[in-house]
Amino acid sequence: MSAAAPDDADRLESIRMIRDSAAAVAPPGGDLRRVRDLRFTGPGYDPAVLRGIGELGWIGLRVPEEAGGAGLGMGEMCALAEQLGAGLVPEPLIHAALSAALLAAAGERALLARVLSGDALVLTAWQERADTLDAPASPDGARRFLPMAGGAEAFLVPVREGGGIALYAQPAAGADLVLERTQDGGSFGTLRPALSGATRIADDVGAVLPGLLDDAALATAATLLGGMERAFAMTLDYLKTRQQFGKIIGTFQALQHRAADLAMQIALTRASVESAAAALDAGAAGDARRAAVSRAKVRATEASMLVTRGCIQLHGGIGYTDQYDVGLYLRKAMVVSGQFGGAALHRRRFMAAAPEVDE
Amino acid sequence: MDAIRIPPPAELDGLDDEHFRQVVRAFLHAHYPEHLRNPPKRLHWSENKEWYHILAREGWLCPGWPREHGGLGLSPVKQIILSEEYERHGVARTNDHGIVMLGPLVIQFGTEAQKRHFLPKILTGEHVWCQGYSEPNAGSDLAALRTEAVPDGDHYVVNGQKIWTTLAMDANWIFLLVRTDREAKKQEGISFLLVDMATPGITVRPIINLEMHDEFCEVFFDNVRVPRENLVGQLNRGWDMAKALLGFERIFIGAPRQSAYALSRLKLLAERMGVSDDPAFRDSYARLRLELEDLKALFGTHVAKLRRGESLGPDVSMLKVIQTELFQKITDTMLDIGGENGGLLEPMEGNRDLNIGGLYIQARPATIYGGSNEIQRNILSKNVLGLPG
C-alpha cells in the first residue's frame, strides 16, 4: 500500500497553491491563441513570458533556497509541469530548470541569477543521441535535441575529463547551431560545441547530472499528464454536444467505453506520476529512485499517445483539422513523449532497477 | 514472530497500521491451519469451517462489524490491511456471506429482534448464509428480477428461481431480493427477505463451472412460505438497501494481490520453461510488472482517501477493470509461454504453483462477476465522465 500522494496536509496545500499560481500563465480552459501565434516562429516562445515564469520563482522551484531558489519538492514541480502541459505552454521550463539546478550545483551564481529570473534561457547540451538518459559527454560530439535553442543565450556543455564530467558554459553567439522544426511548432537544435570559446565552470558534475536528468524525466511525465487530461476534457465536451443519427454521440456505448478506457489510462498516469514524486520527496535513492521515475515515464509516454490519438478519433473529421485545438495536444505529445527517454528505454531501465515482484 | 503479542480483539483497532499488520501476521502464524493455505479452488463449508470456528473462537470473525455486535470494529484501512495479509498468507475464503453481506444489512436496517436473533448465529457458525440475487433473466440487469413474494396471512409465498448462488448447497439460510410490487418501476418493487433453506419447496441444484467445480448453484422456490417477520427493512425498499451496502468494500475487488500472485506464478513458469532471459518474454513481463506497479499506486490513492475519512467515488470501478484485465493478461502470457502444458488439467509436474490452465480458467469470471467490466465501463462513462444515458 504505497501512498500515491503525500498525506501531509501542508504538502498538499503547497502543491495546491502551485497549481493555482500556474493559472497566471496557463489559465484553465483559456484559449490557445498565444500558443498558436508562437508556432513555427523563432524562437518559438515568448521571452517576456519566460521572464514572468522566472519572476514567479518557477525556474528555481527545485533549487535550494540558499542558492536563490524556492527549495520545493518534486510534488510541486510535477503539479506545475502538469498545469503548463495542460496549457501547451511553449516556454521550456523543464529545460531551464535543469540548467538552473546544474548551475546551482556548480556554484556558478552570476549566470544562475540570470537563469532564475528568466532573463536568460540557458540550455544544457547533455544529449548526444536520440532516446537516451545517459550523458556520454564526449568532448567533440554534437549535442542534440535542444528545445527552443534559437532563443538560448548560452549552453551548458558537460564534457568527460579524467575521472569526472566537467561543465563548460558556451555563449550562443557565434555557436555552430542548426535548428530543425518540430511537430508542436517549436524546434530542436543541434550544437557542435566549441570549448575554446567556452568557460569551464565546474570540475565534476558527474555525481549530480544523472539525478537531475531523472527529475527532468519525471517532470516531463507530468507535462504529458496535463496535456492528455486537457485533451480528454475537450473530447468529453464534444461527446456531450455533438449529434449524429438524431442523438448526442456520447450516448453511444461504443464511444462511452472508449472514453472510459482513456479515463483509466489518465488515472493510472496520475497515480504513477504522483507516487513517483512522493517517493522522490521521501528520499528514495539509487535503484528505487530510478525505478519510480522510469515507471512514471513509461506510463505517461504510452498513455499520452494513446489518449491524444484516441481524442482525435472520438472527434472524427474535425479532430484532423489544424484549426481545432485537440490536434495540438497530439502533436505536443509526439514531441514531448520522447524527451528524456521513451517508453522502451524506461521499461528496460525499470527492469534493471526495480526490486523483484512482491509475492 | 514470537516478539509480537496478539492483543485482545477490542484493542486491535487502536493499534497503528504497521503494528496491526505485524499482529495479523503473527495471528495467522499462530492460528491458520497449514493444510488450508493457498487452496486451488474455493473450499466448501465442510473444508473451511475449521478456520471459521477458529476465527469465531478468537473473536476475529467479523472485522467490519461494530464491537457491540461482536465484531472487531476495524476502520476501512485496517480491514484492507487484514485482507492483504490474509491473501499474502494464502488464507482460504470461508462461507462468508453472513459476515460480509447479511450481518451489515441487519445491523443497518434490521429490527432489534432480527439483530438479536440472526447476528449471534452468524458469530457461532450456526447459520451459514448464501446470497440470492441473480436470476436467469436478471444478471447485469439485476433490477429485472422476477422471483416473487406474495403476502398470504402471516406469510409471504415465494415463487421463482435464483442462479449463480455461491455455495448454496452449504448454506442453511438464504437472503433474497424478491419482487413485491409488479406495478412499480422495476427498482421500486423489490424487497429483502430472509429464508430458512429447510423450508419446504426449495430445491438446490449445483452448477459445474469451467473449473469443474460446483461453486455455484441454481435455487428453485416453489410456493415457499416465509414468515412476514423475515422481511428486512421497509417493503419495496430492498434495492436501495442492497445498493447502500456497496460501501468501501468495492475496493477489494480491485486489490492488486490477485495479479501480484499470478505474476509470481508467471515468473516461476518462465524459469521452468527456460525463457526468463528471452527478450520477447522480458518485454511482456516488464509491461505486466509496470501495469501491476501502477495499479498499486492507483489502489494507494483510494486507500489514502479512506485514510483521510473520505468515502469512495464511482471511480473505484476503475480498479476492478484494471485489476481483473491485468490478471487475465498475466494468465494469457502463461498460456503463451507454457506451450502444450497450458492444456493440462492438473498442475504441471504436480506443482500447485504451476497450474497454468487452472489459473487461466480462474481468471475468466473475474471480468464477469461483481458487475461485468462492460457494466463497470457504463458506470464510469455515466457517473464519472458524465456522459449522457
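All of these numbers come straight from a predicted model, not from anything done at the bench. In the text below, chain A, chain B and the rest are named by the order of the sequence lines, each starting its count at 1.
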What are the two closest heavy atoms between [X] and [Y], and how far apart are they?
X: B:L385; Y: A:A263; answer: CD2-CB, 3.8 Å
X: A:S272; Y: B:A297; answer: N-CB, 4.4 Å
X: A:T251; Y: B:G389; answer: CG2-C, 4.1 Å

#### Entry: Student check: side-chain heavy atoms of B:E291 and A:L268 closer than 4.5 Å
yes
### Query
Is any side-chain heavy atom of A:R347 closer than 4.5 Å to a side-chain heavy atom of B:D283?
yes
With a 4.5 angstrom heavy-atom cut-off, which part of [X] approaches chain A: side chain, backbone, both or neither?
X: B:E374; answer: both
X: B:N378; answer: both
X: B:L387; answer: both

Taking atom [atom1] of [X] as the centre, does the number of heavy atoms from other residues, nucleotides or ligands within less than 6.0 Å exceed 12?
X: A:Y320; atom1: OH; value: no
X: A:R62; atom1: CZ; value: yes
X: A:Q313; atom1: CD; value: no

### Message
For A:A354, which atoms come within 4.5 Å of any heavy atom of chain B: side chain, backbone, both, or neither?
### Response
both
### Query
For A:F252, is it the side chain, the backbone, both or neither that has a heavy atom under 4.5 Å from a heavy atom of chain B?
neither
### Message
Quick check for you: among A:E302, A:M351, A:H257, A:R348, which has the greatest number of heavy-atom pairs under 4.5 Å with chain B?
### Response
A:H257
### Query
Between A:L239, A:D261, A:L255, which residue shows the highest count of heavy-atom pairs closer than 4.5 Å to chain B?
A:D261
### Task
Mind ranking B:K382, B:Q376, B:R287, B:H302 by heavy-atom pairs under 4.5 Å with chain A and telling me who comes out on top?
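Ranked by heavy-atom pairs under 4.5 Å with chain A, first place is B:R287.
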### Task
Among the options B:P388, B:S381, B:A286, pick out the one with the most heavy-atom pairs lying under 4.5 Å from chain A.
B:P388
### Query
Looking at A:M264, A:Q253, A:Q256, which hits side chain to side chain contact (heavy atoms under 4.5 Å, CB included) with B:R377?
A:M264
### Task
Could you grab the distance from atom OG of A:S275 to atom CG of B:D294, nearest 0.5 Å is fine?
7.0 Å
